Every structure is written in C-alpha cells, then in structure tokens.
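This structure is in structure tokens; I'll ask about it shortly.
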Amino acid sequence: MRTVHSLKELRTILRGYRLQDKTIGLVPTMGNLHEGHISLVRKACEAADVVVTSIFVNPMQFGASEDLDKYPRTLADDQEKLEAAGNTLVFAPSIDEVYPEGLAKQTQVVVPDVSDGHCGGSRPGHFEGVATVVTILFNMVQPDIAVFGEKDFQQLAVIRKLVQDLCIPVEVIGAPTVRDEDGLAKSSRNSYLSEEERHIAPVVYRTLEDTARKLGDGRSDFPALENEAKNALIQAGLRPDYLNIVNSDTLKPATSEDTNLTVLAAAFLGTTRLIDNVTMTRGDLAKRNS
Ligand code: PAF
C-alpha cells in the first residue's frame with residue numbers, strides 16, 4: 001500500500017489504474033482510524049477495484065472553539081490498519097495542497113436546507129466546511145464510489161444532496177454505524193473520554209433505542225418524547241446539545257404521517273461532544289391510522 005501527499009502523485013497513480021479499467025473507491029477520513037472507518041474501507045473494497053482512503057484533518061469544518069488542535073494525528077498507526085484492511089492507496093495531503101490560497105480565499109460549497117438545524121445549527125459553518133472539502137476530494141480523486149458512515153447522519157444527507165445538485169458522477173454509499181459491545185458508537189472523539197465518562201457514554205445509544213421503541217409502540221407526541229429522552233441524558237450526567245425526532249428523508253421534524261423516522265442526538269459528556277442516531281420504520285402505522 002502506498003501513501004502519497006501530493007495531488008500530482010495521486011493523479012499519476014490513479015491515471016494508471018484508470019488505463020487498466022479499474023474502478024476507484026474513496027473513503028474520506030480525518031484519520032485516527034477505528035473499526036468504524038475500517039468497515040467503510042472494507043465496504044469500499046467490495047464496491048471498487050482500487051480504494052483510496054484520504055486522511056485530512058479539515059480546518060474548514062472546525063469552529064474557532066472546537067478541537068482542531070487536539071484532534072489526534074496518527075498517520076503511522078492509520079497506515080497499518082489500512083494495509084490490513086486491503087486499502088490500496090492513502091492520500092494524506094497537507095493543508096496547502098487542499099487549500100493552496102488559504103482558507104480565506106477558498107471557494108466554498110453551501111448545501112442549503114439539509115445543512116440547517118441539528119449539527120448544522122450548533123456548529124455554524126461546519127457543513128460548509130465538510131461540503132467544500134468533500135467536493136475538493138471528489139475532484140482530486142474522481143472516484144466511482146465513495147463510502148461515508150451513517151453515524152454522521154446529517155453529513156451523509158448533505159453529501160448526497162451536493163452530489164445530486166452538482167451532478168458529481170459518484171455513487172455515495174452509506175455504511176452502518178459500528179458500535180462497541182455496550183452500544184457506544186465508534187468515534188475518534190471517544191478517546192477524549194475519561195474512564196468514568198466512557199462508562200456513562202453508552203447511555204446516548206440506549207436513550208435513542210428507548211425513544212425508537214416508544215415510537216414503535218405508536219407514540220406520536222414527539223416533543224414530549226424528545227423531552228423524556230433529553231431528561232434521561234441529563235439524569236445520566238450528559239448535557240444534550242439537541243435530540244430531535246425527524247423524518248429520515250427530509251431531516252425535518254417528524255409528523256404523525258411519517259413512517260421512516262430517525263432520532264438524532266448530540267450531547268456533551270464533560271467537554272466531549274458525542275453524536276449518534278437511530279432510524280426506525282413505523283411499519284404498521286398505516287394499519288393503526290385506518
Ligand atoms: O466524517 C469525517 O470524518 C469528515 O467530516 C470528512 C467526511 C472526512 C470530511 O472532512
């Protein structure tokens with residue numbers, strides 16, 4: 001497995017693969033890879049002949065008070081894990097390679113509507129940063145397919161919309177969230193948790209599951225359900241950022257007519273912000289309403 005840092009090298013190598021009619025898959029990451037990322041790479045290996053994993057901690061998607069500086073950089077470790085997973089090529093560009101004229105002069109990609117609310121509401125500018133870097137990476141790699149985790153539910157929706165609106169010829173594939181045995185979604189930020197916080201953290205998933213169960217039981221009093229779930233998080237020692245029950249396709253507040261629902265949450269445990277979601281289908285809703 002090779003690692004390249006420049007666009008020039010990347011393009012030279014990819015040109016060779018294209019001449020051999022190989023399909024190319026991309027897994028964009030910010031490094032500090034865990035089993036969640038590796039599951040994306042495995043999925044990409046099933047869908048494409050050649051898999052490029054990009055490792056780039058994107059400054060544009062971090063707010064001024066966020067964890068850009070402390071975000072773990074673990075390239076050697078990441079390379080080992082990627083090699084074992086069957087990845088073909090690591091693309092680890094510098095900031096100058098991605099934003100040659102600096103962030104202030106960078107053209108930005110704005111994906112309206114779907115970027116609003118939830119993480120977009122709490123992290124102004126975050127999805128513009130994500131949409132911009134993903135568009136740049138798509139143009140650099142020109143992949144046939146790209147794999148993103150469903151854990152970042154709103155991010156996946158933003159990327160699907162940007163691909164559709166800008167006619168980018170890439171198939172976006174979502175991959176299920178990988179969890180620890182106690183339900184905690186794998187995340188690079190879990191490494192910030194103290195031992196005590198790590199013990200508490202699975203409450204996020206348990207609360208989402210509990211809310212999904214109540215929805216499955218036929219409850220449609222969404223604001224009350226959201227409050228119950230937020231209280232459960234507070235009781236456990238978390239500080240909810242948001243907990244929203246939404247239509248899975250539009251990400252708009254759920255209505256009693258919706259059958260595909262997603263419970264989206266972000267909550268702080270100490271200074272660590274955890275996000276997770278659970279999607280459910282109210283299969284017998286039509287029957288119940290008739
Ligand atoms: O999900 C992430 O790790 C990042 O938001 C992404 C998609 C690699 C863009 O920087």
Side-chain angles (χ1 to χ4, degrees), residues 4-15 17-18 23-31 37 40-41 43-44 47-48 50-63 66 68 71 87-121 123-175 188 249-251 275:
V4 296
H5 301 278
S6 76
L7 177 58
K8 197 163 173 251
E9 285 173 285
L10 176 78
R11 288 215 159 128
T12 305
I13 295 172
L14 292 181
R15 200 173 304 122
Y17 285 126
R18 282 201 189 88
T23 55
I24 292 165
L26 171 65
V27 182
T29 80
M30 298 204 299
H37 295 112
L40 308 184
V41 173
K43 208 167 182 85
V50 166
V51 175
V52 180
T53 296
S54 62
I55 297 182
F56 179 65
V57 183
N58 173 33
M60 197 188 280
Q61 70 189 73
F62 287 79
E66 292 184 346
L68 172 64
Y71 203 88
N87 185 69
T88 321
L89 187 63
V90 178
F91 178 47
S94 64
I95 293 187
D96 287 347
E97 196 70 16
V98 178
Y99 301 118
E101 292 194 42
L103 288 186
K105 289 192 182 170
Q106 176 61 45
T107 300
Q108 293 198 24
V109 179
V110 178
V111 184
D113 195 48
V114 72
S115 298
D116 298 342
H118 322 302
C119 283
R123 305 183 67 190
H126 171 68
F127 285 122
E128 286 72 14
V130 170
T132 301
V133 82
V134 169
T135 304
I136 294 171
L137 290 167
F138 281 164
N139 286 330
M140 287 176 157
V141 177
Q142 301 184 319
D144 299 281
I145 63 114
V147 186
F148 295 86
E150 287 168 359
K151 176 176 157 283
D152 296 296
F153 194 85
Q154 191 177 11
Q155 169 172 284
L156 182 55
V158 166
I159 291 165
R160 287 193 193 284
K161 181 76 165 56
L162 103 84
V163 161
Q164 183 187 314
D165 286 0
L166 300 182
C167 297
I168 302 177
V170 60
E171 182 194 347
V172 174
I173 299 175
S188 300
D249 301 317
T250 62
L251 272 64
I275 68 167

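Fair warning: this is a prediction, and the values are worked out from it, not measured in the lab.
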Verify, without hydrogens or angle tests, whether His5 (side chain) and Pro93 (backbone) share a donor-acceptor contact under 3.5 angstrom.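 Such a contact is absent between His5 side chain and Pro93 backbone.
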
Name each donor-acceptor pair under 3.5 Å that joins a side chain in residues 114-121 to protein atoms two or more places apart or in another chain, with its distance.
unit_1	atom_1	unit_2	atom_2	d
Ser115	OG	Val111	O	2.5
His118	ND1	Asn244	ND2	2.9
His118	NE2	Leu251	O	2.9

Check residues 134-153 and write down every donor-acceptor pair under 3.5 Å in which the side-chain atom is one partner and the other belongs to a residue at least two apart or another chain.
unit_1	atom_1	unit_2	atom_2	d
Thr135	OG1	Ala131	O	2.6
Asn139	ND2	Thr135	O	3.3
Asp144	OD2	Ile24	N	2.6

Any donor-acceptor pair under 3.5 Å linking the side chain of Thr29 with the backbone of Ser54?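 It does hold such a pair.
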
Do Phe127 and Gln155 touch side chain to side chain, with heavy atoms closer than 4.5 Å?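 In short, these two side chains touch, coming nearer than 4.5 Å.
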
Salt bridge (Lys or Arg N to Asp or Glu O under 4.0 Å) against Glu66, all qualifying residues, sequence neighbours excluded: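 Applying salt bridge (Lys or Arg N to Asp or Glu O under 4.0 Å) to Glu66 gives Arg123.
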
Can you sort out the partners of Thr12 under side-chain hydrogen bond (donor to acceptor under 3.5 Å, both in side chains), two or more places apart, ordered by chain and number?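 If we apply the side-chain hydrogen bond (donor to acceptor under 3.5 Å, both in side chains) test to Thr12, skipping adjacent residues, there are no hits.
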
Please enumerate all residues that pass ring-ring contact (aromatic ring centres under 6.0 Å, His included) together with Tyr71, with sequence neighbours excluded.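 Once residues adjacent in sequence are excluded, the partners of Tyr71 under the ring-ring contact (aromatic ring centres under 6.0 Å, His included) criterion are Phe62.
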
With Lys161, which residues qualify under salt bridge (Lys or Arg N to Asp or Glu O under 4.0 Å), at least two apart?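 Expected list: Asp165.
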
Name the atoms and distances for all side-chain donor-acceptor pairs under 3.5 Å in residues 95-110, with sequence neighbours left out.
unit_1	atom_1	unit_2	atom_2	d
Glu97	OE2	Leu7	N	2.7
Tyr99	OH	Asn58	OD1	2.5

Pairs satisfying salt bridge (Lys or Arg N to Asp or Glu O under 4.0 Å), at least one member in residues 51-61, at least two apart: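 Qualifying pairs: none.
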
So, using side-chain hydrogen bond (donor to acceptor under 3.5 Å, both in side chains) as the criterion, who are the partners of Ser6 when residues are at least two apart?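 Partners of Ser6 under the side-chain hydrogen bond (donor to acceptor under 3.5 Å, both in side chains) test: Glu9.
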
